[in-house]
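These numbers were taken from a predicted model, which means no experiment stands behind them. Each chain gets a letter, A, B and so on, in the order the sequences are listed, and its residues count up from 1.
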Amino acid sequence: MPSSIPQLLSGLNPEQLAAVTLPPQHALILAGAGSGKTRVLTTRIAWLISTGQAGPHSILAVTFTNKAAKEMLARLSAMLPINTRGMWIGTFHGLCNRLLRAHYREAGLPQLFQILDQADQLSAIKRLVRSLNIDDEKFPPRELQHFINAQKEQGVRANAVEAWDDFARRRVEIYAAYEQQCQREGVVDFAELLLRSFELLERNEILRRHYQERFQHILVDEFQDTNRLQYAWLRQLAGKAMHIAGGRAKNDLPPNPLPGEGGDYPGAPINGAWIFAVGDDDQSIYAFRGAEVGNMRDLEREFKVAKVIRLEQNYRSHGNILDAANAIIKNNEARLGKNLWTDAGSGEPLRVFEANSDLDEARWIVEEIQGLSRDHSRSEIALLYRSNAQSRVLEHALFNARLPYRVYGGLRFFERQEIKHALAYLRLIANPDDDTAFARVVNFPTRGIGARSLEQLADAAKAQGSSLHAAIGQLGGKAQSSLSTFAQLIVRMREGSADLPLPEVVDHVLDLSGLREHYRNEKEGQDRLENLDELINAAASFVSEEGQHLATDVPMEEQSDLASFLAHASLEAGEHQAGDSDEAIQLMTVHSAKGLEFNVVFISGLEEGLFPHENAVPEERGLEEERRLMYVAVTRARQRLYLSFAQTRMLHGQTRYNLPSRFLDEIPAGLLKWLTPKLKNAYVPKEAPWQDEVKPKTSHKPLPLRRANAPPMHQAIAARREDDSGLRIGQNVMHAKFGQGVIIQSEGSGQDARVQVNFRHAGMKWLALSVAKLSPA
DNA sequence: ATTGACGCTATTTTT
DNA sequence: TAGCGTCAAT
């Protein structure tokens, strides 16, 4: 058991060591990409515990993702012979959920309150909009959702929103109505978890003091991603009260003594905790979602952080990659300042490829990957792009080449339609007043409850201010009877599963609800049936791990397995996709790549308008966030980094001519090796050792030079394409699938060029040159 | 209740 | 381009 202290600390560099063993005080660790951030965080916890400075229960560690939390727990258990299960290590939302479950009464919530995920929240808002007869042109549910969440994340309740005109006032009314609806239904959305638990601590002095005394060390991961509410929540627990209304910090509550200021012995703050925040302002890429990098400066100031520790030694990437990253990020104004370095050597130059089109770019990437596959496992190769739409061309090319790939960002397990349906039934068992769940499955599988019946029901519910379920009795006629049948179904489900273990409850519900039957009869229902069975498995493994989750001193008040499982399903949407083969090329947006690393990384679509994105550039601080995004992308690569862009790209059904991304210009030319002839306006240093090695992978003639801002001429592209392919009317060609043939005629130019080929066996075909692989024969 | 046509829209997204 | 949501038609 590696738990001796020297062992724990061995292998840390001086800065890491300083951070890990920092004497009790508030700390801000500026941890660059690949600098061992997670290691520092977990070792710090292990060090606090094994030196006897803190008990496991006096530590609170918070992350943003479940993945990060699990990682931390796993590493901690490897370092210390303790049971980490009862520790308060989790996501902001997970910990808030825990707090609210333990004190649901004080928080004004029903014991079995449900959590709405984004999609649930949206449908709840749509339902509200309909029931209040709100013009959804004027108030699109999506915008309302955004507005409500933004308010909550600023700590602003409906009654505190400042509204100056009719529109704003109406919007606030809707916000208020939404809050009422949630309260009546016994559900909370993600932001509500945070805000509720913040308010709980703010208002309930006993609880606040309890937790402030309990937690002596608060460790925060990815601190640059915290929003105002999360920061306020941390301050609350750390013992510094803060009002966050309107985003203005109003310290008009009598502040609790700052840790250390009122304590009479060192290292043990009375009524508060020491904050140990780890973050990287250069990797702040979620401002659009409310993250406030400014929290780092605020923490430094408000908690009087004596010295910011910088972790700048990078253990991930070769020097050239880091140099490029440093050079890029240096163009940002507002930075805390940091420069990554490595002793791993400079490695290879960054390879740059200019493609004629997005299709060419994709084909080139595929060729390059095929060449790489001897030295690198496929899962060590990542294709990154700025926006999801770009994945399609890449997927297409990979598919044609029969290269296995995996796209991040699809539907996750608990977000699948059939799973959501099943969960809705489970939710109704726990709480029949959950109208979101009710509306979702009242007529699924169809049981003859039409829109008109539901409208009547909604009206009745509104009239008596009750849930849909409770309003069934108020109806008459046909609607009444079919709805009563449904209500009885829920009752039977609840009674039938009363004493069953959770997995059997799920199983039971799948049968009684008719979901199984429904998907059995559906032609494409096989996958869905399998997923439903998988849900039973998920319930089973959840229960078997659950016993340990509850090993805590927090009174969990006979929380049922069902409620915990439902919370789990909302808070952790599960794997992104059935983890097909592990041996697959990884495709993802730059955002999703944050926190990951790969031997080989391709950053594609490095074009003005795409990356940096055109919508971001005019935004305030938008370009800087794009640049941080680029910084994140570059620092994902361990050994080899490819940068590519295309002259022509199909976007929204239109051909666009983009200029190369300015971020390419921000990389010192000496770090780059152009695989295609270099652009005219780019600087070519004499001392660059790689410039004379230029050897195009594909047969690219020197490009006609073009002025910046001038779109390439059509003729130029068309001419080049003909040159490139060497195709003309009458030409004999070979095609992979159709075999030998001859070109009959052609039309279009550039991207749209097509030829008609008469194949010996396959007959007459029109082929797009940009897609079909035709070689002269 | 399901199907098809039309029109709109189109960064990024932990929980 | 294509994926979605709404709407009308079956």
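Judged by the 6.0 Å distance and 45° axis criteria, A:Arg416 is not positioned over the aromatic ring of A:Phe413.
Applying the ring pair (Phe, Tyr, Trp, His ring centres under 6.0 Å) rule to A:Phe276 yields no partners; only residues at least two apart in sequence or on another chain are considered. Partners of A:Phe444 under the ring pair (Phe, Tyr, Trp, His ring centres under 6.0 Å) rule, at least two apart in sequence or in another chain, are A:His421, A:His518. A:His613 meets the ring pair (Phe, Tyr, Trp, His ring centres under 6.0 Å) test with no other residue; sequence neighbours excluded. For A:Phe399, the ring pair (Phe, Tyr, Trp, His ring centres under 6.0 Å) test picks out no residue, with sequence neighbours left out. In this structure, A:Arg39 has no side-chain hydrogen bond (donor to acceptor under 3.5 Å, both in side chains) partners at least two apart in sequence or on a different chain. Residues passing the side-chain hydrogen bond (donor to acceptor under 3.5 Å, both in side chains) test with A:Glu361 are A:Ser644, A:Arg649, sequence neighbours excluded. Applying the side-chain hydrogen bond (donor to acceptor under 3.5 Å, both in side chains) rule to A:Arg528 yields the partners A:Glu418; only residues at least two apart in sequence or on another chain are considered. Looking at residues two or more places apart in sequence or on another chain, you find a side-chain hydrogen bond (donor to acceptor under 3.5 Å, both in side chains) between A:Arg427 and A:Asp120, A:Asp434.
Of the C1' atoms belonging to C:dG5 and B:dT12, the separation is 23 Å, rounded to the nearest Å.
Here A:Arg412 reaches the OP1 or OP2 of B:dT15: one of its side-chain N or O atoms lies under 4.0 Å away. Of the side-chain N and O atoms in A:Asn97, none sit less than 4.0 angstrom from OP1 or OP2 of B:dT15. Side-chain nitrogen and oxygen atoms of A:Asn66 include none within less than 4.0 Å of the OP1 or OP2 phosphate oxygen of B:dT14. A sub-4.0 Å separation between OP1 or OP2 of B:dT14 and a side-chain N or O of A:Asn227 is absent. The phosphate of B:dT13 has OP1 or OP2 within less than 4.0 Å of a side-chain N or O from A:Ser592.
For A:Asp225 and B:dT14, the CG to P distance is 12 Å, given to the nearest whole Å. What separates CG of A:Leu596 from C1' of B:dT14 is a distance of 12 Å, to the nearest Å. With rounding to whole Å, A:Glu614 atom CD is found 12 Å from B:dT12 atom P. Computed from coordinates, the A:Trp233 CH2 to B:dT15 P distance equals 16 Å when rounded to whole Å. For A:His146 and B:dT11, the NE2 to C1' distance is 13 Å, given to the nearest whole Å. If you take NZ of A:Lys67 and C1' of B:dT15, they are 15 Å apart, rounded to a whole angstrom. Between A:Phe64 atom CZ and B:dT15 atom C1' there is a gap of 10 Å when expressed in whole angstrom units. Distance CG (A:Asn521) to P (B:dT2): 12 Å, rounded to an integer number of Å.
Between A:Ser604 and A:Gln390 the shortest side-chain heavy-atom distance falls below 4.5 Å.
The glycosidic torsion of B:dT11 lies within 90° of 0, which places this base in the syn conformation.
Residue ring and nucleobase are stacked for A:His613 and B:dT11, with a centre distance beneath 5.5 angstrom and an angle between planes beneath 30°.
Remark: A:Arg452 does not engage A:Glu455 in a salt bridge, criterion side-chain N to carboxylate O under 4.0 Å. Salt-bridge formation is detected for the pair A:Arg75/A:Glu71: a Lys NZ or Arg NE/NH1/NH2 atom is positioned less than 4.0 Å from an Asp or Glu carboxylate oxygen.
Considering only side-chain atoms of A:Leu571, the nucleotide from B:dT11, B:dT13, B:dT15 that sits closest is B:dT15.
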Tabulate below the donor-acceptor pairs under 3.5 Å that side-chain atoms of residues 139-147 of chain A make, not counting sequence neighbours, or state none.
unit_1	atom_1	unit_2	atom_2	d
A:Gln145	NE2	A:Gln118	O	3.0
A:Gln145	NE2	A:Gln118	OE1	3.2
A:Gln145	NE2	A:Gln121	OE1	2.9

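Note on A:Glu192: nothing from the nucleic acid sits closer than 4.0 angstrom, heavy atoms only. A:Asn443 comes within 4.0 angstrom of sugar-phosphate atoms only, judged by non-hydrogen atoms across all strands, and of no base. Across all strands, A:Glu619 comes closer than 4.0 Å to base atoms (heavy-atom distances).
Where DNA chain C meets chain A (any atom under 4.0 Å from a heavy atom), the bounding nucleotides read 5' to 3' are C:dT1 to C:dA2.
For DNA chain B, the neighbouring residues in residues 278-291 of chain A, judged by any heavy atom under 4.0 Å, are A:Tyr286, A:Phe288, A:Arg289.
Side-chain atoms of A:Glu222 stay outside donor-acceptor range of the base of B:dT14, with no qualifying N/O pair under 3.5 Å.
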Enumerate the protein-to-nucleotides 6-10 of chain B contacts in which both atoms are nitrogen or oxygen and the separation is below 3.5 Å.
unit_1	atom_1	unit_2	atom_2	d
B:dA10	N3	A:His652	ND1	3.3

